[in-house]
Amino acid sequence: MDIAAVNSLSYEQFVEVFGNAVEKCPLVAAAVWSSRPFTSIADIDDAFGHFIDSLPDSGKEGVLRCHPDLAGRDLQSGTLTADSLAEQSQAGLTQLGVAEAERIAVLNSQYKLRFGFPFVICARMNDKTSILQQLSQRLANDHAHELTHAIGEVKRICSLRLQALVCPTHLGPAQPNHVPPRL
Ligand SMILES: NC(=O)N[C@H]1NC(=O)NC1=O
């Protein structure tokens with residue numbers, strides 16, 4: 001899909017296509033639609049980033065809470081979004097050994113208890129070893145620093161999802177649930 005095609009999408013089509021650019025937060029795409037016309041993919045990416053940055057801390061925490069745990073219950077029960085499943089799979093999180101799965105589950109719970117939102121990291125830019133390392137390291141952060149870091153990861157995930165949708169050759173074909181409906 002090129003920029004002209006993006007700019008021609010109705011509000012409903014735009015939310016259908018970009019509604020999961022931020023995991024389970026279609027409100028972000030709904031807000032960003034107001035920023036059309038976009039001049040480039042970087043312009044779309046900026047619009048998503050600016051909207052996320054403009055949220056109060058409670059809104060940023062809400063965005064984080066919409067993310068599934070890495071290698072968590074949604075993965076085990078098959079209820080991840082297609083985007084999240086592809087990302088977690090690429091990072092090797094669908095192939096954890098028993099000890100690794102237990103370690104990540106313990107650290108995920110400690111993290112959530114400490115910060116009140118799940119640990120979020122851009123899985124496509126990491127592998128299971130670096131994810132475990134960062135999970136332990138970031139547990140030591142203070143709340144404000146960690147909120148900023150985690151929101152930075154949300155924006156990285158969003159950028160890669162946008163690239164896959166607008167320039168699909170970079171990352172493989174867009175997921176079928178991102179095909180706009182025929183109106
Ligand atoms: N918890 C968490 O980081 N979730 C995610 N990360 C990612 O790259 N995709 C996700 O769903």
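Counting starts at 1 for both ligands and their atoms, following the listed order. Computed over heavy atoms, backbone and side chain alike; hydrogens, waters and symmetry mates excluded.
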Are side-chain N/O atoms of Asp43 and Ser40 paired as donor and acceptor at under 3.5 Å? no

Test item: side-chain donor near acceptor, Thr81 and Glu23, under 3.5 Å: yes

Rounded to the nearest 0.5 Å, how far does NZ of Lys60 lie from OG1 of Thr148? 6.5 Å

Can you tell me how far apart NZ (Lys112) and CG (Leu64) are? Round to the nearest 0.5 Å. 11.5 Å

Do Phe117 and His143 have their ring centres less than 6.0 Å from each other? yes

Salt bridge between Glu87 and Arg161, side-chain N to carboxylate O under 4.0 Å? yes

Quick one, list the residues around ligand 1 where some non-hydrogen atom comes in under 4.0 Å, by chain and residue number. Pro68, Leu70, Ser84, Glu87, Phe119, Val120, Ile121, Cys122, Ala123, Ile157, Arg161

